[in-house]
Amino acid sequence: MPIIGQLIKGLVHASQYVTGDRDPVTEQRTVLKELLTQAVDTALGKKYGFQRILEATSPTTAFAEAVPFFDYHKINEEWWYRQHGLAQSNITWPGAPDYYALSSGTTGKKSKRIPVTDAMINAIKTAGVKQIMALKNFDLPADFFEKGILMLGSSTDLTQRKHHLEGEISGISASNIPSWFRGYYKPGEAIAEIDDWDERVAQIIKEAPDWDIGALSGIPSWMELMLKAVIDAHGLDTIHDIWPNLRVYTSGGVAFGPYEKSFHALMGKPVTVIDTYLASEGFIAFQNRPDTDAMQLITDNGIYFEFVPFDETAIEADGSLSPSARALRLDQVEKGVDYVLLISTVAGAWRYMIGDTITFTDVDRAEIQITGRTKFFLNTVGSQLSVNKLNDAVHGLETEYDIRIPEYTLCAKKFEDGFYHSWYLGSDSDIDTDTVATALDNFLKEANKNYKVARSKALKGVKVHMVPPHIFHEWSAASKKKGGQVKMERVMGEERFSEWETFVTDTIAQ
């Protein structure tokens, strides 16, 4: 009888009686006051009058009126450079960060350096515990809580700078895991420190037969590659042949939808997929119940959220927020509307545009879905397609033609006779591209009225290219780095798309 597992499961279930019912709106008001109080004597807090905001009749309103919007470039150029460039303290948060999370997003450009304070690390740990406690909703057997958890992130071998350590957020988080969790954590500290992706996977393959894995955690594309490598190396049919007790996969970083079919093809048994939203700026949300694929915002743990309705007036040509855009509180949002997400955090980000767009599926529960990136909405000719609409279209193709398309990218590209949506679909299936193009076009016409209007005007049609999925992984490896937080860009500008097409041509020719 799994005694330890029964004990842990009992503690998880007992947590519901300790935490009680949630009130996300009240939690958010409390979080904002806590943030302002802690940062009141920082340079930024003094400039924008945090003390006056705290004394106002409505601190949430006073905060929105006093503090401007920031994106990474604005807050870095005005404030954060003083922390990592000049090593000053008390700039946007008390003290100085011990860590910086490197994040190049999906653009492959120079890494951003996002401050990660001790308070943020503690908030991420707390959020992780909350997620574990939410497992009570998924009806898992007691022995699950005795199995290993394989976390496939970036290297925990962080780079030492003069005043801080830096690396990707998954590596920073893994290097700060609680001591009680180390017995469950795989691949273990030695393998997790290996920076080279292929070498790390080789070590995982070597150790895999000795592990009893109950859960996986990581970005879907790299998780699939690792699982395939283990299956191939050991001559298995599915990953359950070596890890028979695998029951849960915690996905994050990108939408799981495009990978659903190819991921489950590697399984020999049903696996519960739980979505999470851990960004370089903090642990934002996780799925806490099985009867939805939405995630619940973590509203009581070091992050204050605001939401800007996403329309043509909200975003400037350079991708920043318009100063006149109106940010809403949690108690002002509506279901089914796309919002630009703003966060203020215990790492010293203030009214910070994280770059993601979200929509609420349940306002009372504060449950959301990520709909895309502010810079990756496909709107060159008025089609107004978010990434989730693109994911839905790809999923529709998989269902209609019984194929797997784990990767894709596209561009609104101008040809001699006008604009076309030029798609590259990653699939090993042999299917007529004209047929796929017609199906994609029809699906998007039915799913999005703006796309249908665009197709009657400037948008001439759809072009499709089918390429092996491994080309997408090689592109990421060539332009950025294998593994970790690296994600494939779903929508490209024409210049970047030209580089992609040249890469595809050269790779296929080799």
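What's counted below: heavy atoms across the whole structure, side chains too, no hydrogens, waters or symmetry copies.
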Participant: As a test of understanding, state which of Tyr424, Trp500, Tyr408 forms a ring-ring contact (aromatic ring centres under 6.0 Å, His included) with Phe472.
Facilitator: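 Filter result, single survivor: Trp500.
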Participant: Let me confirm one number: the CD1-OG1 distance from Ile303 to Thr345, rounded to the nearest 0.5 Å.
Facilitator: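 It comes to 6.5 Å.
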Participant: Hey, are the side chains of Arg365 and Arg289 touching, using non-hydrogen atoms and a 4.5 Å cut-off?
Facilitator: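 Yes, side chains in contact.
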Participant: Could you check whether any side-chain heavy atom of Lys335 comes within less than 4.5 Å of a side-chain heavy atom of Asp362, counting everything from C-beta outward?
Facilitator: no
Participant: Is there a donor-acceptor contact under 3.5 Å from the side chain of Tyr277 to the main chain of Gly282?
Facilitator: no
Participant: List the atom of His234, the atom of Ala208, and the distance in Å for their closest heavy-atom pair.
Facilitator: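 For His234 and Ala208, the tightest heavy-atom pair comes out as NE2-CB, 4.4 Å.
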Participant: Any non-hydrogen side-chain atom of Asp275 less than 4.5 Å from a side-chain atom of Phe286?
Facilitator: no
Participant: Kindly determine whether Glu224 and Glu407 satisfy side-chain contact (heavy atoms from CB on, under 4.5 Å), including the steps that lead there.
Facilitator: CA-CA 12 Å; Glu224 279 195 19; Glu407 298 287 359; over 6 Å; no
Participant: Is it the case that more than 12 heavy atoms not belonging to Lys125 sit under 6.0 Å from its NZ atom?
Facilitator: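 Atom NZ in Lys125 is crowded, with more than 12 foreign heavy atoms closer than 6.0 Å.
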Participant: In Å and rounded to the nearest 0.5 Å, what is the CG to CD1 distance from Asp71 to Ile354?
Facilitator: 12.5 Å
Participant: Are Ile121 and Val116 close enough that some pair of their side-chain heavy atoms sits under 4.5 Å apart?
Facilitator: yes
Participant: Counting only N and O atoms by type, is there a donor-acceptor contact under 3.5 Å from the side chain of Asn288 to the main-chain atoms of Ala134?
Facilitator: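 Checked: no pair found.
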Participant: Heavy atoms only: give me the nearest Phe145-Leu135 pair and the separation to one decimal.
Facilitator: CE2-CD1, 4.1 Å
Participant: Keeping the roles fixed (side chain from Ser498, backbone from Glu495), state whether a donor-acceptor pair exists under 3.5 Å.
Facilitator: no
Participant: Starting at CG of Leu227, measure out to OG1 of Thr238 and round the result to the nearest 0.5 Å.
Facilitator: 10.0 Å
Participant: Please check this pair: side chain of Ser427 against backbone of Ser429, looking for a donor-acceptor N/O pair closer than 3.5 Å.
Facilitator: yes
Participant: Considering all heavy atoms of both residues, which atom of Ala192 and which atom of Pro187 are nearest to each other, and what is their separation?
Facilitator: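 Heavy atoms of Ala192 and Pro187 come nearest at N-CG, 4.1 Å.
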Participant: Parallel, tilted or perpendicular: which one describes the rings of His473 and Trp222, with boundaries at 30° and 60°?
Facilitator: tilted
Participant: Would Glu494 and Lys414 count as a salt bridge (Lys or Arg N to Asp or Glu O under 4.0 Å) here? Give the steps.
Facilitator: CA-CA 8 Å; Glu494 286 203 60; Lys414 190 173 184 179; over 6 Å; no
Participant: How about Trp475 and Thr409: do any of their side-chain heavy atoms sit closer than 4.5 Å?
Facilitator: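 No, their side chains stay 4.5 Å or more apart.
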Participant: Main chain of Ile194, side chain of Arg200: is a donor-acceptor contact present, judged purely on distance under 3.5 Å?
Facilitator: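 Looks like yes, one N/O pair under 3.5 Å.
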Participant: For a side-chain contact (heavy atoms from CB on, under 4.5 Å) check, start with the C-alpha distance between Lys261 and Asp402, then their side-chain angles and the critical distance, and finish with the verdict.
Facilitator: CA-CA 9 Å; Lys261 193 163 187 176; Asp402 192 25; 2.9 Å; yes
Participant: Is there a side-chain contact between Phe305 and Ile284 (heavy atoms, below 4.5 Å)?
Facilitator: yes
Participant: Does a sphere of radius 6.0 Å around CD in Gln160 hold more than 12 heavy atoms from other residues, nucleotides or ligands, not counting ones at 6.0 Å or beyond?
Facilitator: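 Count over threshold, so yes.
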Participant: Between Thr276 (side chain only) and Leu278 (backbone N and O only), is there a donor and an acceptor less than 3.5 Å apart?
Facilitator: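 Not confirmed, Thr276 side chain does not pair with Leu278 backbone.
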Participant: Measure from NZ or CZ of Lys130 to the centre of the six-membered ring of Phe283 and say whether it is under 6.0 Å with the direction within 45° of the ring axis.
Facilitator: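 Verdict for Phe283: no cation-pi partner in Lys130.
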Participant: Identify which one of Thr361, Asp293, Leu297 satisfies the side-chain contact (heavy atoms from CB on, under 4.5 Å) criterion when paired with Glu367.
Facilitator: Thr361
Participant: Give, for atom CG of Leu246 and atom CG of Asp212, the distance between the pair rounded to the nearest 0.5 Å.
Facilitator: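 It is 10.0 Å, given to the nearest 0.5 Å.
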Participant: If only atom types and distance count, is the side chain of Tyr339 paired as donor or acceptor with the main-chain N or O of Glu306 below 3.5 Å?
Facilitator: no
Participant: How about CG on Asp430, more than 12 heavy atoms from neighbouring residues, nucleotides or ligands closer than 6.0 Å, or not?
Facilitator: no
Participant: If you look at every heavy atom in Gly214 and Phe144, which pair is closest and at what distance?
Facilitator: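 Heavy atoms of Gly214 and Phe144 come nearest at O-CE1, 3.3 Å.
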Participant: If I compare all heavy atoms of Phe443 with all of Asp392, which pair ends up nearest, and what's the gap?
Facilitator: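 Phe443 and Asp392 have their closest heavy atoms at CZ-O, 3.4 Å.
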Participant: Check the pair Glu474 / Phe503 against side-chain contact (heavy atoms from CB on, under 4.5 Å), numbers first and verdict last.
Facilitator: CA-CA 9 Å; Glu474 291 174 21; Phe503 179 85; 4.0 Å; yes
Participant: Hey, does Lys112 have a side-chain heavy atom less than 4.5 Å from the side chain of Asn76?
Facilitator: no
Participant: With heavy-atom distances below 4.5 Å as the criterion, would you say the side chains of Thr250 and Gln131 are in contact?
Facilitator: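 Thr250 reaches Gln131 side chain to side chain.
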Participant: State the CD1-CD distance between Ile114 and Glu168, to the nearest 0.5 angstrom.
Facilitator: 12.0 Å
Participant: Has Asn442 got a side-chain atom pairing as donor or acceptor with Thr438's backbone, closer than 3.5 angstrom?
Facilitator: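 Checked: pair present.
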Participant: Determine, step by step, whether Phe497 and Ser422 satisfy the side-chain contact (heavy atoms from CB on, under 4.5 Å) criterion, reporting the C-alpha distance in whole Å, the side-chain angles of both residues, the deciding distance to 0.1 Å, and the verdict.
Facilitator: CA-CA 9 Å; Phe497 197 67; Ser422 185; 3.7 Å; yes
Participant: Rounded at 0.5 Å granularity, tell me how far NE2 in His465 sits from OG1 in Thr505.
Facilitator: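 Reported value, rounded in 0.5 Å steps: 9.5 Å.
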Participant: Between Ile298 and Ala127, which heavy-atom pair has the shortest distance, and what is it?
Facilitator: CD1-CB, 3.5 Å
Participant: Please check: side-chain N/O of Tyr249 versus main-chain N/O of Gly218, any donor-acceptor pairing under 3.5 Å?
Facilitator: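 The answer is yes, because a donor-acceptor pair under 3.5 Å joins these two groups.
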Participant: Give me the one residue out of Thr357, Thr371, Thr359 that meets side-chain hydrogen bond (donor to acceptor under 3.5 Å, both in side chains) with Asp338.
Facilitator: Thr371
